[in-house]
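Worth knowing before you read on, the calculation uses all heavy atoms, side chains too, and leaves out hydrogens, waters and symmetry mates. The chain is numbered in sequence order, starting from 1. Counting starts at 1 for both ligands and their atoms, in listed order.
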Amino acid sequence: MLTQNQLAGLLERQQQPAYRATQILDWIYKKRASSWDEMSNLPESLREILAEQYPLRPLKHTLTKGSADTTRKFLLELADKRYVETVLIPASPALYGEKSDRHTLCVSSQVGCAYGCKFCASGLDGFSRNLTAAEIVSQIILVEELSGEKVNNLVFMGMGEPLANFSNLCEALEIITAEWGLQIGARRITISTSGLVPQIKKLADFPRQIRLAISLHGPDDETRDKIMPVNRKFPVDELFEALRTWNLKKNQKITLEYILIDGVNAEPEHAYILAKRAASLKAKVNLIPYNTVDGLEWKRPSDTACLRFKNILSKAGVSATLRLEKGHDIDAACGQLRLKKEKEKL
Ligand code: SAH
Ligand code: SF4
């Protein structure tokens, strides 16, 4: 998987005419060629050189969970036999009142995660490596091939911390949004982060209107410190200062993701602090009842407690959704399926 610039440099080194770049980009991203051999209008010698260096399908499909009208989770194998997972979430208008043409893909950015949030399956096994831009983009291409559906909404909420893989993330974003690439509108792409302050500020300068979601999960340092080690490095005040920078540069609302965990962060007093914080940024809040993870003792609160939490936010004028979860039954929380696969290997 290549960007326009990388391709231009490569063709120059091979003493090939510049128009070949357009031909190749067209084969990769529009015609979706799965091998370099298919590119019949390129000289064979060039195809051979490219095929050696740039595999067009760096991921191999291993397993799908779910069905065409539900959330589908794809387990994908990388060339080095590691696994990542990607989740396709169809809109179900009857149930959730969403636009029916929406196909959201939740992609992974790393194998494992180094941030070790206490509630998260991705962190459980530690960090293995960053995904390359090609491996990130390939998740979209492969799932479109497997499902026959066009992905038109993208969230970086799979395994890994996307902002800890910053340059590959930016390269992937370039390919995903470009006219010559996958042409997914930047406003339909959300990057989720546990709160890496310097990278949030840097990403605010990315020249497109991508969206930002913050995994907040605790409205104050006391609560957040208990479940997210990253908070000791970038405490809530610092995080919110970075988010104000984002607000100044981007013309759209930030989303605060908030998992409701029983006995940890779901009491009314947490909701009051969260309401103030969210209002200060004019941010939206996404409440997610905790999805149980094998081997972890956390639980979701009762439905009544979740609703009470949401009502406190709504009454304070904060736009909040209590996410009706899709995929609860297929280990859809990030990292869960891959963790099972890794355990099978042992
Ligand atoms: N590392 C980034 C991107 C991963 S997003 C981040 O943390 O934002 C994955 C989302 O799923 C995060 O909001 C994460 O907090 C949430 N999550 C992790 N484990 C979960 C669980 N068991 N139930 C519900 N949500 C979970
Ligand atoms: Fe990593 Fe995000 Fe999971 Fe935290 S919530 S361990 S940052 S993937």
Per-atom contacts, ligand 2 versus Ser194 - under 4.0 Å to a heavy atom: 7 (S)
State whether a side-chain donor-acceptor pair under 3.5 Å links Asn311 with Ser314. no
Contact check: Cys120 to atom 1 (Fe) of ligand 2, N/O/S below 2.8 Å: no
Determine, using heavy atoms of Pro162 and all atoms of ligand 1, whether some pair is separated by less than 4.0 Å. yes
Quick check: does any side chain N or O of Tyr290 sit under 3.5 Å from a backbone N or O of Phe119, one acting as donor and the other as acceptor? yes
I'd like to check which ligand 2 atoms, numbered from 1 as shown, lie under 4.0 Å from a non-hydrogen atom of Tyr115. 7 (S)
Ligand 1 N/O within reach of Ile288 N/O, cut-off under 3.5 Å: no
Can you tell which part of Ile259 has a heavy atom less than 4.0 Å from ligand 1: side chain, backbone, both or neither? side chain
Can you tell which of Glu161, His217, Met159 gets a heavy atom nearest to atom 14 (C) of ligand 1? His217
Under 4.0 Å between a Lys/Arg side-chain N and an Asp/Glu carboxylate O for Glu38 and Lys31? no
Does only the side chain of Ile214 get under 4.0 Å from ligand 1, or the backbone, or both, or neither? Count heavy atoms. neither
Which ligand 1 atoms, with their elements, are less than 4.0 angstrom from a heavy-atom of Gly158? 4 (C)
Charged N-O contact under 4.0 Å between Lys118 and Asp225: no
With side-chain hydrogen bond (donor to acceptor under 3.5 Å, both in side chains) as the test, pick out the partner of Asn231 among Arg224, Lys226, Glu238. Arg224
Out of all atoms in ligand 1, which are within 4.0 Å of some heavy atom of Val293? Include the element for each. 22 (N)
Does some non-hydrogen atom of Gly160 fall short of 4.0 Å from ligand 1? yes
Mind checking whether Tyr29 and Trp180 have parallel, tilted or perpendicular rings, split at 30° and 60°? tilted
Counting from 1, what ligand 1 atoms have a heavy atom of Ser215 closer than 4.0 Å? 6 (C), 7 (O), 8 (O), 12 (C), 13 (O), 15 (O)
Quick one: which ligand 2 atoms are inside 4.0 Å of a heavy atom on Gly160? 8 (S)
Tyr115 meets the ring pair (Phe, Tyr, Trp, His ring centres under 6.0 Å) criterion, sequence neighbours left out, with none
Non-hydrogen atom of Ser194 closer than 4.0 Å to ligand 1: yes
Does the residue Ser215 have a heavy-atom contact with ligand 2, meaning some pair of atoms that are separated by less than 4.0 Å? no
Residues in ring pair (Phe, Tyr, Trp, His ring centres under 6.0 Å) with Phe156, at least two apart? none
Just by distance, no angles: are the side chains of Thr132 and Asn168 close enough, under 3.5 Å, to form a donor-acceptor pair? no
Taking only heavy atoms of Tyr290 into account, list the atoms of ligand 1 that are under 4.0 Å away from them. 21 (C), 22 (N), 23 (N)
Proximal ligand 1 atoms for Phe156, defined as those under 4.0 Å from one of its heavy atoms: 3 (C)
Taken to the nearest 0.5 Å, the spacing of Thr321 OG1 from Leu287 CG works out to 6.5 Å
Could you check whether Glu135 pairs with Arg129 (Lys NZ or Arg NE/NH1/NH2 to Asp/Glu carboxylate O, under 4.0 Å)? yes
